[in-house]
Amino acid sequence: MNGVPFPRPAALGGVNGTSRSGGLRAIGGRRRAIRPVDGATFLEDRISDHLGGSARTLEGLQSHAPLLARWAQHLAVRLADGGRLLVAGNGGSAAEAQHLTAELVGRYDGERRPFSAIALHGDTSAVTAIGNDYGYEQVFARQVRAHARPGDIVLLLSTSGASQNLLCAAEAARECGAISWALTGPAPNPLESAVDEALTLEGPGCHVQESQLVAIHALCTCFDALIRATETPAGRDAPLGIDQPLVIDQPSVKGGRP
């Protein structure tokens, strides 16, 4: 703080940094007025509204349980066979993309071997170089073309479903013969139409993003259960209905790709 002691609350004119009139006062003596509220009721109502909206979007996620289960099966087979998961998103969706890859490269529920999963925004040198040379809409697509092989999985996260760089990544996945999935907000949207399969959720972006994290954890829960069931003797005895390695057909896809 450049040798200047931090002022005590009393120096600010009241207790805990408040002025005697109830508003906050800045350190430099400049007042910042804050409208009084009726106790905590106003804030509690806002919190209740937010939690209620989040619960409604999360309730809608329940209907996608069969899709998430199918995705977990494909993911377990592809990654156990040496395939790769590429994940991309912007902003908060980028954070969730990296959350998912960390669970797979690290661990989610108990000890197991690591699996190949890459969050495409994480290589800042590649992102900035590609953005500078080819435009921001290509920052994920060019990485997909570099890393994806036929049968790999590309998962794209977006609350709007309209991000141009994700649409380009979906097209790149198709060109590479990779399987493309998306987690998006309300349908219809461009991204859900551009990928092989999409899980779409109704609600404002903040609630969609909250539910997408729950979907990611559900996917990881199923993935780890399937890996245990197919790779450990103890797992094969678990009541999962799986007593031999999974064999899953290539999903039907859009755009005429076999």
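The basis for the numbers below is simple: all heavy atoms, side chains too, and nothing from hydrogens, waters or symmetry mates. Nothing fancy with the numbering, it's 1 onward along the sequence.
For Leu219 against Ala72, the heavy-atom pair with the smallest separation is CD1-N, 3.5 Å. Taking all atoms of both residues into account, the shortest heavy-atom contact from Gln212 to Thr159 is OE1-CG2, 4.4 Å. The two residues Thr57 and Gly203 come nearest to each other via the heavy atoms OG1-CA, 3.9 Å. Considering all non-hydrogen atoms of both residues, Cys220 and Leu100 come closest at SG-CD1, 3.6 Å. Taking every heavy atom of both residues into account, Gln138 and Cys168 meet most closely at NE2-SG, 3.7 Å. Annotation for Ile179 and Gly151: closest pair CD1-O, 4.0 Å, computed over non-hydrogen atoms.
Put simply, Leu104 and Leu68 are part of the same group of oily side chains (I, L, V, M, F, W, Y) that touch within less than 4.5 Å, one to the next. Note: the hydrophobic cluster containing Val87 does not contain Val105 (ILVMFWY, side chain heavy atoms under 4.5 Å, direct or indirect links). Leu157 and Val214 fall within a single hydrophobic cluster, where Ile, Leu, Val, Met, Phe, Trp and Tyr are joined by side-chain heavy atoms under 4.5 Å apart, directly or via other members. Linking Ile, Leu, Val, Met, Phe, Trp and Tyr residues whenever their side-chain heavy atoms come within less than 4.5 Å leaves Leu199 and Leu213 in two separate clusters. Leu51 and Val208 are not part of a single hydrophobic cluster, where members link through side-chain heavy atoms under 4.5 Å apart.
To the nearest 0.5 Å, atom CD1 of residue Ile227 and atom CZ of residue Arg113 are 6.0 Å apart. Considering SG of Cys222 and CG of Asp109, their distance stands at 11.0 Å, rounded to 0.5 Å. Of the inter-residue distances, the one linking Leu155 atom CG with Thr101 atom OG1 reads 10.5 Å to the nearest 0.5 angstrom. Separating the CD atom in Glu111 from the CG atom in Asp224 is a distance of 10.5 Å, to the nearest 0.5 Å. With rounding to the nearest 0.5 angstrom, the CZ atom of Arg56 is 15.5 Å from the CG atom of Leu61. With rounding to the nearest 0.5 Å, the separation of CG in Leu166 from OG in Ser158 is 5.5 Å.
At distances below 3.5 Å, at least one donor-acceptor pair connects side-chain atoms of Thr128 with backbone N or O atoms of Ser125. Without hydrogens or angle criteria, Arg142 side chain to Ala172 main chain gives no donor-acceptor distance under 3.5 Å. With His64 contributing its side chain and Thr200 its backbone, the two residues share a donor-acceptor pair below 3.5 Å. For the pair Glu171 (side chain) and Leu167 (backbone), a donor-acceptor distance under 3.5 Å is absent. The backbone N or O of Phe140 lies less than 3.5 Å from no partner atom in the side chain of Asn165, so there is not a single donor-acceptor pair. When atom types are taken as modelled, the side chain of Ser54 and the backbone of His50 share no donor-acceptor pair closer than 3.5 angstrom. Checking side-chain atoms of Ser160 against main-chain N and O of Ala162 turns up a donor-acceptor pair under 3.5 Å. At least one donor-acceptor pair under 3.5 Å links the side chain of Gln143 to the backbone N or O of Leu120. When atom types are taken as modelled, the side chain of Asp81 and the backbone of Gly83 share no donor-acceptor pair closer than 3.5 angstrom.
The environment of Glu59 atom CD is sparse: at most 12 non-hydrogen atoms of other residues, nucleotides or ligands sit within 6.0 angstrom.
The aromatic ring centroids of Tyr108 and His217 lie less than 6.0 Å from each other.
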**Request:** Show your reasoning for whether side-chain contact (heavy atoms from CB on, under 4.5 Å) applies to Arg78 and Arg84.
**Result:** CA-CA 7 Å; Arg78 302 301 180 192; Arg84 177 179 293 138; over 6 Å; no
**Message:** Determine whether Glu210 and His207 satisfy the following criterion, side-chain hydrogen bond (donor to acceptor under 3.5 Å, both in side chains), listing intermediate values before the conclusion.
**Reply:** CA-CA 5 Å; Glu210 291 157 359; His207 300 322; 3.1 Å; yes
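Ring geometry for Trp181 against Trp71 counts as parallel: the plane angle stays under 30°, on a 0 to 90° scale with 60° as the upper cut.
Looking at Ile153 and Leu75, their side chains come closer than 4.5 Å, going by heavy atoms from C-beta outward. Within the 4.5 Å cutoff, the side chain of His74 has no heavy atoms near those of the Val77 side chain. No side-chain heavy atom of Asp152 sits less than 4.5 Å from a side-chain heavy atom of Leu85. For the pair Cys176/Arg149, no side-chain contact is recorded, criterion being any heavy-atom separation below 4.5 Å from C-beta on. In this structure, the side chains of Leu156 and Val195 come closer than 4.5 Å at one or more pairs of heavy atoms. Arg112 places a side-chain heavy atom less than 4.5 Å from the side chain of Phe223.
For Arg46, the salt bridge (Lys or Arg N to Asp or Glu O under 4.0 Å) test picks out no residue, with sequence neighbours left out. With sequence neighbours excluded, the residues that form a side chain to side chain contact (heavy atoms under 4.5 Å, CB included) with Glu202 are Pro186.
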